[in-house]
Peer 1: 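The structure under discussion is supplied below as structure tokens; questions concerning it will follow.
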Amino acid sequence: MAPATEAPASVTAEGPTSHTQNQAVPTIYQLMALVMRDVRDVGKNGFNDHQKYKFRGVDDFIGALAQPLRDHGVFMMTEILDFQTSVRGKMNAVHMRVAFHFHGPAGDKVTTSTLGEASDTADKASNKAMSAALKYALMQTFMIPVDSGSLDDGDRDHPVGQRSPADVYMERLRKPAVWNNVTALTAMHAEAKGDGLLGSAVQGANGETTLGELIVSRGKQLKDELAAREERRAEEAPTAAAQVAAEHASGLGPVDQLMVQIQRNWNDTDGLTRDMAEAKRRNLLHQQVDGPHNNIVQLEAMLSTRIKELKELAAKAEQAAHADTRERSVA
């Protein structure tokens, strides 16, 4: 769940209400000053076990003010001035402006208004926003002392706000193992569709778009680049064939020629797969060649082992990206 964030409070004073003020009773202004005199300071007594940070909760401020308000006959009433809701992925967000009216026994009052904002996956966003607004209204209206070295949870050491589910997907999408892999992009598109997030607004290279459109456009770009490479290879094939012929004329046999090509493609899964197909076509898979560890191995076994290694490395990179994303999401 996302922590609440708030804007500073603003205070306005109002004159006597329709009640006739008792001149023998102190005004609300006098009583507010007495409450400020008696209120105790509030330190960061709370601790968030999940995100590992200290905080001052609204209960701390209520506890600090409850007795001084009673002692001086001041009570408070709440009024919601305006209220807005929105959706952030799977989070329900609430923005509200709240007025808090402090009444005295003489019939006059002082009003302070403040903003509250909060998010929640269920139905607690409004409760959180009201608590946040009340917390800052009390702290700033009565100038409640806080512990030295800090001003506000949100100003100094508050953790990063809750990311939306779309933000989590964007972080995964930026990983090279996903961004440059058509198979990984296809899997992410299916996952995002299952989570109902393909239509979530995100920021792409050319401005705002949707998560689904960004994934699809990147996949198309990769496919277009692959097609362009294949086209270049086809155009360069005659030249490559001539080079092979020249190498052959210089004394290189078919296996040696293929080994030169394999060395060039040693870290390219697709390239080695093509080399395997060529070796099969030329009936060379059974040939004994120099292996990567200065040992003699069968060409087919060497290629199969290397292709498997590259695929495992790619899978581990993808798993690491997913694990890192989950850890960041939990934190």
Peer 1: Please round to the nearest 0.5 Å and tell me the distance separating atom OG1 of Thr210 and atom CG of Leu197.
Peer 2: 11.0 Å
Peer 1: Test of understanding: with side chain to side chain donor-acceptor pair (under 3.5 Å), list the residues that count as partners of Arg233, not counting sequence neighbours.
Peer 2: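 Result, side chain to side chain donor-acceptor pair (under 3.5 Å) vs Arg233: Glu230.
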Peer 1: Apart from Met77 itself, what residues make up its hydrophobic cluster when side-chain heavy atoms of I, L, V, M, F, W and Y under 4.5 Å apart count as a link, directly or indirectly?
Peer 2: Phe75
Peer 1: Side chains of Asn127 and Asp120: closer than 4.5 Å at any heavy-atom pair?
Peer 2: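 They are not in contact (no side-chain heavy atoms under 4.5 Å apart), so the answer is no.
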Peer 1: Can you find a heavy atom in the side chain of Val260 that is under 4.5 Å from one in the side chain of Arg264?
Peer 2: yes
Peer 1: Of all the heavy-atom pairs spanning Lys128 and Ser119, show the shortest one and how long it is.
Peer 2: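 Looking at all heavy atoms of both residues, the closest pair is NZ-O, 3.3 Å.
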Peer 1: List for me each residue that meets side chain to side chain contact (heavy atoms under 4.5 Å, CB included) alongside Val255, sequence neighbours excluded, and say none if there are none.
Peer 2: Met259, Leu284, Gln287, Val289
Peer 1: Does the distance from a Lys or Arg side-chain N to an Asp or Glu carboxylate O, for Arg232 and Glu235, drop under 4.0 Å?
Peer 2: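 So Arg232 does not pair with Glu235 through a salt bridge.
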Peer 1: Which residue in the set Asn267, Thr269, Asp275 passes side-chain contact (heavy atoms from CB on, under 4.5 Å) when paired with Arg306?
Peer 2: Asn267
Peer 1: I need the minimum non-hydrogen distance between Met302 and Asp290, along with the two atoms involved.
Peer 2: SD-O, 4.1 Å
Peer 1: Do Ile62 and Val98 sit in one hydrophobic cluster, given that two such residues count as connected whenever their side-chain heavy atoms are within less than 4.5 Å of each other, even indirectly?
Peer 2: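 Same hydrophobic cluster.
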Peer 1: Checking Phe142 now: which residues fulfil ring pair (Phe, Tyr, Trp, His ring centres under 6.0 Å) with it, not counting sequence neighbours?
Peer 2: Phe102
Peer 1: Side chains of Asn181 and Arg218 only: does a donor on one sit below 3.5 Å from an acceptor on the other?
Peer 2: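 Distance-only check fails for Asn181 and Arg218.
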Peer 1: Within the 4.5 Å heavy-atom criterion, are Leu258 and Leu299 side-chain neighbours or not?
Peer 2: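 Counting from C-beta outward, Leu258 and Leu299 do come under 4.5 Å.
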Peer 1: Under the salt bridge (Lys or Arg N to Asp or Glu O under 4.0 Å) test, which residues partner Glu225, sequence neighbours left out?
Peer 2: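 Applying salt bridge (Lys or Arg N to Asp or Glu O under 4.0 Å) to Glu225 gives none.
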Peer 1: Check for a donor-acceptor pair, side chain of Ser217 on one end and backbone N or O of Leu214 on the other, with a separation under 3.5 Å.
Peer 2: yes
Peer 1: Testing the basics here: between Pro105 and His72, what is the closest heavy-atom pair and its distance to 0.1 Å?
Peer 2: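 Result for this residue pair: CD-O, 4.4 Å.
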Peer 1: Kindly work out whether a path of hydrophobic side-chain contacts (I/L/V/M/F/W/Y, heavy atoms less than 4.5 Å apart) joins Leu198 to Tyr169.
Peer 2: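 No, because Leu198 and Tyr169 fall into different hydrophobic clusters, even though each may have its own neighbours under 4.5 Å.
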Peer 1: Taking side chain as C-beta onward, heavy atoms only, is Val94 less than 4.5 Å from Met130?
Peer 2: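 Val94 does not reach Met130 side chain to side chain.
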Peer 1: Looking only at heavy atoms, which two atoms of Gly104 and Ile28 are closest? And how far apart?
Peer 2: N-CD1, 3.5 Å
Peer 1: To the nearest 0.5 Å, how far apart are NE2 in His103 and NZ in Lys109?
Peer 2: 5.0 Å
Peer 1: Got more than 12 heavy atoms from elsewhere within 6.0 Å of CG, Asn295?
Peer 2: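 Yes, the 6.0 Å shell around CG holds more than 12 heavy atoms from other groups.
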Peer 1: Can you name the closest pair of heavy atoms from Val35 and Pro68 and give their distance?
Peer 2: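 Smallest heavy-atom distance, with atoms named: CG2-O, 3.8 Å.
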Peer 1: Any salt bridge (Lys or Arg N to Asp or Glu O under 4.0 Å) involving residues 198-215? Give me the pairs, sequence neighbours left out, ordered by first then second residue.
Peer 2: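 Output for this query is empty, none listed.
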Peer 1: With heavy-atom distances below 4.5 Å as the criterion, would you say the side chains of Asp195 and Pro165 are in contact?
Peer 2: no
Peer 1: Measure the NZ-CG distance between Lys308 and Leu272 for me, rounded to the nearest 0.5 Å.
Peer 2: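 So the NZ of Lys308 and the CG of Leu272 are separated by 15.5 Å.
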Peer 1: Does one hydrophobic cluster hold both Met76 and Phe61, with members joined at side-chain heavy-atom distances below 4.5 Å?
Peer 2: yes
Peer 1: Among residues at least two apart in sequence or on other chains, which ones pass side chain to side chain donor-acceptor pair (under 3.5 Å) with Asn283?
Peer 2: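 Partners of Asn283 by the side chain to side chain donor-acceptor pair (under 3.5 Å) criterion come out as none, since no residue qualifies.
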Peer 1: Could you see if Met143 belongs to whatever hydrophobic cluster contains Leu134? Use Ile, Leu, Val, Met, Phe, Trp, Tyr and a side-chain cutoff under 4.5 Å.
Peer 2: yes
Peer 1: Would you say Leu65 and Ile144 make side-chain contact, with heavy atoms under 4.5 Å?
Peer 2: yes
Peer 1: Going by the rule side chain to side chain contact (heavy atoms under 4.5 Å, CB included), which residues pair with Met276 if we only count those two or more places apart in sequence or in a different chain?
Peer 2: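 In terms of side chain to side chain contact (heavy atoms under 4.5 Å, CB included), with neighbours along the sequence ignored, Met276 is linked to Leu285, Glu300, Leu303, Ser304, Ile307.
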Peer 1: Considering residues at least two apart in sequence or located in another chain, which fulfil the side chain to side chain donor-acceptor pair (under 3.5 Å) criterion with Asp268?
Peer 2: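 Counting only residues at least two positions away or on another chain, Asp268 forms no side chain to side chain donor-acceptor pair (under 3.5 Å).
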Peer 1: Hey, could you give me the CG/NZ distance between Asp60 and Lys135, rounded to the nearest 0.5 Å?
Peer 2: 8.5 Å
Peer 1: Is any side-chain heavy atom of Gln140 closer than 4.5 Å to one of Thr112?
Peer 2: no
Peer 1: State, to 0.1 Å, how close Ile80 and Met96 come at their nearest heavy-atom pair, and which atoms those are.
Peer 2: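 Nearest pair, atom of Ile80 first, then Met96: CD1-SD, 4.1 Å.
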Peer 1: To the nearest 0.5 Å, how far apart are CZ in Phe83 and CZ in Arg97?
Peer 2: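 Rounded to the nearest 0.5 Å, the CZ-CZ separation comes out at 14.0 Å.
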Peer 1: Taking salt bridge (Lys or Arg N to Asp or Glu O under 4.0 Å) as the definition, give me every residue that meets it alongside Lys220, ordered by chain and number, with sequence neighbours left out.
Peer 2: Asp224
Peer 1: Would you please name every residue forming a side chain to side chain donor-acceptor pair (under 3.5 Å) with Arg70, sequence neighbours left out?
Peer 2: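 For Arg70, the residues satisfying side chain to side chain donor-acceptor pair (under 3.5 Å) (neighbours in sequence not counted) are Gln67.
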Peer 1: Does the side-chain contact (heavy atoms from CB on, under 4.5 Å) test come out yes or no for Asp270 and Arg274, once each step is laid out?
Peer 2: CA-CA 6 Å; Asp270 294 337; Arg274 289 192 297 271; 3.8 Å; yes
Peer 1: Which one of Asp108, Val74, Asp71, Val110 satisfies the side-chain contact (heavy atoms from CB on, under 4.5 Å) criterion with Leu31?
Peer 2: Val74
Peer 1: Using the test side chain to side chain contact (heavy atoms under 4.5 Å, CB included), find all partners of Arg174 that sit at least two apart in sequence or belong to another chain.
Peer 2: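 Testing Arg174 for side chain to side chain contact (heavy atoms under 4.5 Å, CB included), a comparison that skips the adjacent residues, returns Met170.
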Peer 1: Mind checking whether Val39 and Met32 sit in one hydrophobic cluster, side chains of I, L, V, M, F, W, Y counted as touching below 4.5 Å?
Peer 2: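 As far as the 4.5 Å side-chain criterion goes, Met32 and Val39 are connected within one cluster.
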Peer 1: Decide yes or no for Trp179 and Leu173: does some side-chain heavy atom of the first lie under 4.5 Å from some side-chain heavy atom of the second?
Peer 2: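 Yes, at least one pair of side-chain atoms sits under 4.5 Å.
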